[in-house]
Number of protein chains: 2
Amino acid sequence: MPTSKDVAAAAGVSQSTVSYVMSGKRPISEKTRKKVEAAIEQLTYQPNAGARALASRRTNVLGLVIPLTPDAHVGSLSEFIAVIAATARQHDRDILLVTDEEGTEGLQRVVGQQLCDGLILMQVEADDDRIPVVRKLRVPVVFIGIPNEAEGLSCIDADFALAGRQCIEEFAAAGHQGATVIGWRPESGDRKLNFVDRFLGGAFEQAEASGLALSHVSGSADIASIEAAVDGGIAAADGPPAFASPEEPVLEMLPRILLDRGLKPGVDVSIIGVGTQTKSLGERLRLTTIDLEPRTVSRRAVELLCNFLKDGDGGQRQHLELIPPVVTQRDSTIPSPTH
Amino acid sequence: MPTSKDVAAAAGVSQSTVSYVMSGKRPISEKTRKKVEAAIEQLTYQPNAGARALASRRTNVLGLVIPLTPDAHVGSLSEFIAVIAATARQHDRDILLVTDEEGTEGLQRVVGQQLCDGLILMQVEADDDRIPVVRKLRVPVVFIGIPNEAEGLSCIDADFALAGRQCIEEFAAAGHQGATVIGWRPESGDRKLNFVDRFLGGAFEQAEASGLALSHVSGSADIASIEAAVDGGIAAADGPPAFASPEEPVLEMLPRILLDRGLKPGVDVSIIGVGTQTKSLGERLRLTTIDLEPRTVSRRAVELLCNFLKDGDGGQRQHLELIPPVVTQRDSTIPSPTH
DNA sequence: GCATATCGTCGATGCGTATCGATGAACAGT
DNA sequence: ACTGTTCATCGATACGCATCGACGATATGC
């Protein structure tokens with residue numbers, strides 16, 4: 001492996017000049033820069049990350065804390081991870097993986113060993129144990145998810161409350177008097193993740209504002225329970241029924257189940273799919289969808305962290321950013337009567 | 001941040017003694033070890049990773065190359081990643097993420113900058129561009145997936161061929177004369193990943209050996225095409241039909257579709273689910289499954305790489321390891337008549 | 001013409017650790 | 001008591017880079 005010393009020798013300059021050519025922190029004449037760059041090219045020189053970290057006190061690495069729990073491994077998680085890694089590269093940084101299996105010691109470890117300059121925490125719970133630890137860390141941290149006590153923290157997430165409101169707005173615009181949300185069973189684990197409450201909160205709030213009767217039934221993957229939920233929704237409806245769900249299996253079967261009951265989606269009944277990967281599903285089933293834009297959330301998390309690092313102070317500032325979901329109207333919602 | 005010098009001062013020894021206490025590479029008396037350990041504890045000392053990498057020429061970090069392409073983001077990918085990260089920690093190593101968006105230059109970069117001591121490549125294609133680059137790298141590399149030219153490389157994957165054989169064996173034992181595999185549409189992208197061919201190769205081979213008529217139809221997510229495939233399978237069957245599929249949506253609907261036709265799984269027809277996350281699906285639908293054990297594949301990949309690194313020579317050896325799939329008999333296959 | 005500012009480069013130093021050679025102490029054998 | 005060992009520890013050095021102060025060479029002011 002060639003070193004910057006080798007490059008210096010090849011270019012006939014001093015090692016420090018090579019360093020300044022690479023960093024641009026001091027002016028270098030066109031002539032010597034060319035020489036140095038040629039030497040770098042020829043030797044295929046790449047700076048040693050360890051030495052660089054040691055001397056500059058920055059690693060250019062971001063720690064990403066991911067959940068290890070298998071039940072959380074929905075498809076979107078890997079998309080989050082990949083987008084975060086790709087965005088980090090655009091800012092000339094790399095991603096070090098930390099699983100939450102290590103717990104809070106893992107955070108202290110990667111920061112203490114100076115393996116990374118900052119952290120991104122995924123799957124942040126409403127009352128996350130890691131928050132008190134994070135507050136003491138000397139590096140900036142960005143949360144993906146909104147804990148209850150977000151004071152002084154930097155948090156980014158999809159705007160679930162807005163998604164709930166948008167959902168009801170769509171139904172109201174289509175002339176529905178009532179709607180049913182199927183899914184997000186309030187299991188023990190789900191209670192910790194408050195996005196369910198945020199979505200339902202927004203939905204119920206908007207339902208009240210729009211004078212629309214909203215009910216929520218916890219979905220389940222088996223067909224019978226979905227059918228029961230659908231029948232309940234139809235019976236309760238005062239006019240054409242409307243259904244929304246954030247669960248893919250539910251959405252997959254909903255059109256079929258409704259057609260079996262003589263209800264054509266987009267004509268006699270409305271369906272809205274909510275989720276993180278709604279595009280392919282929505283296009284295939286021609287479903288109106290509300291996408292939570294996980295790629296944008298991921299990208300912004302990295303950008304925010306990089307901004308904190310660029311400012312140099314290393315301290316984390318309070319920041320709350322909610323990414324607006326994207327509504328895509330397709331054929332599963334009844335057209336607005338006003339049009 | 002305290003340094004090993006601070007620890008040395010607090011313990012009243014030299015810095016090198018602290019280093020030897022931590023590495024154990026030279027004998028240290030019980031007394032001084034206790035003193036040093038106490039000082040480490042009290043100062044919450046953690047060695048600086050950059051300095052350590054610089055001095056020891058090892059980073060204790062493994063690079064993990066993941067696909068960025070969204071269509072590959074099935075749920076199992078994040079499970080792979082998390083298991084790899086957790087296993088790496090058990091070997092006192094961390095994981096640096098590299099997306100294949102960077103291409104082969106990404107590999108050369110992380111190795112050239114000495115950000116990691118070795119690499120794990122996921123989603124290896126039959127004729128992967130990265131192979132010639134990997135051969136020139138000076139660090140050990142483990143492939144997850146089996147390329148066509150595996151000479152001199154270290155590869156690990158699920159044994160898809162065995163899964164195919166096991167599948168047919170199950171059907172044959174249940175007394176079936178024929179079977180249909182639904183799924184794995186041979187699209188452009190899928191051709192590069194040869195596991196489809198490996199599975200089907202094993203299945204057809206075993207079908208011939210067992211005198212069983214096997215056909216394969218590319219599945220699709222919409223219900224109509226699945227129903228068509230099912231009807232085809234029923235019509236072609238000489239005796240009770242049998243179906244296998246590696247696609248979750250197909251498996252989700254298969255029992256329902258068959259019941260609609262008056263065929264009860266496990267009595268009039270057999271179903272086998274093949275995949276990387278078959279447990280919850282299999283238990284819910286009471287499906288006999290063949291699981292490809294992604295967790296084992298991931299774990300073994302890390303262990304293999306760590307072994308290469310432990311041996312010190314840094315060279316990669318040829319190695320081919322196929323993880324046997326696990327057959328779990330539940331209620332969707334017709335009981336063997338011989339029992 | 002000299003004093004002063006600006007530019008481009010060099011040498012020296014430090015970052016925190018691992019590791020090698022050396023040193024001194026304790027100890028066994030004669 | 002003297003040499004030869006083994007054991008525990010220390011001091012010095014190197015790892016590769018960033019960065020600071022210094023210095024010579026030009027350019028700018030009057």
Residues in side-chain hydrogen bond (donor to acceptor under 3.5 Å, both in side chains) contact with [X], at least two apart in sequence or another chain:
X	value
A/Q113	none
A/N60	none
A/E151	none
B/K5	none

Quiz item: Between the two ends of the helix from C/dC2-D/dG29 to C/dT30-D/dA1, what is the bend in degrees, rounded to 10 degrees, where each end axis spans five pairs?
Solution: 40°
Exercise. Locate the shortest heavy-atom distance separating A/V141 from A/L137; write the atom from each residue and the value.
Key: CG2-CD1, 4.4 Å
Quiz prompt | Taking every non-hydrogen atom, the tightest pair across B/T44 and B/P2 | solution = O-CG, 4.2 Å
Practice problem: Flag the pair B/T99 / B/P67 as yes when at least one side-chain heavy-atom distance between them is below 4.5 Å, and no otherwise. | Solution: no
Self-check item: Heavy-atom side-chain contact between B/H319 and B/C155 under 4.5 Å
Solution: no
Contacts of type side chain to side chain contact (heavy atoms under 4.5 Å, CB included), residue [X], not counting sequence neighbours:
X	answer
B/V36	B/V7, B/A11, B/V13, B/V18, B/V21, B/I40
A/T296	A/E293, A/R299, A/R300, A/I323
B/D127	none

What is the nucleic acid contact for [X], judged by heavy atoms within less than 4.0 Å: base, sugar-phosphate only, or nothing?
X	result
B/T32	sugar-phosphate
B/V18	nothing
A/S29	sugar-phosphate

Taking only N/O atoms, report every protein-nucleotides 12-16 of chain D pair under 3.5 Å with atom names and distance.
from: D/dC15; atom 1: O3'; to: B/R57; atom 2: NH2; distance (Å): 3.2
from: D/dG16; atom 1: OP1; to: B/R57; atom 2: NH2; distance (Å): 2.8

Exercise. Please check if any side-chain donor atom of B/S16 sits under 3.5 Å from a side-chain acceptor atom of B/S19, or the reverse.
Key: no
Quiz item: OP1 or OP2 of D/dT19 less than 4.0 angstrom from a side-chain nitrogen or oxygen of A/K25, does that happen here?
Solution: yes
Quiz item: Do the side-chain N or O atoms of B/T17 get closer than 4.0 angstrom to the phosphate oxygens (OP1, OP2) of D/dC10?
Solution: yes
Quiz prompt | Opening and closing nucleotides of DNA chain C in contact with chain B, under 4.0 Å to non-hydrogen atoms | solution = C/dG16 to C/dA22
Polar atom pairs (N or O), protein with nucleotides 21-28 of chain D, under 3.5 Å:
from: D/dG21; atom 1: N7; to: A/R26; atom 2: NH2; distance (Å): 3.3
from: D/dG21; atom 1: O6; to: A/R26; atom 2: NH1; distance (Å): 2.2
from: D/dG21; atom 1: O6; to: A/R26; atom 2: NH2; distance (Å): 3.3

Practice problem: Just jot down the salt bridge (charged side-chain N to carboxylate O under 4.0 Å, His left out) partners of B/D117, sequence neighbours excluded, or say none. | Solution: none
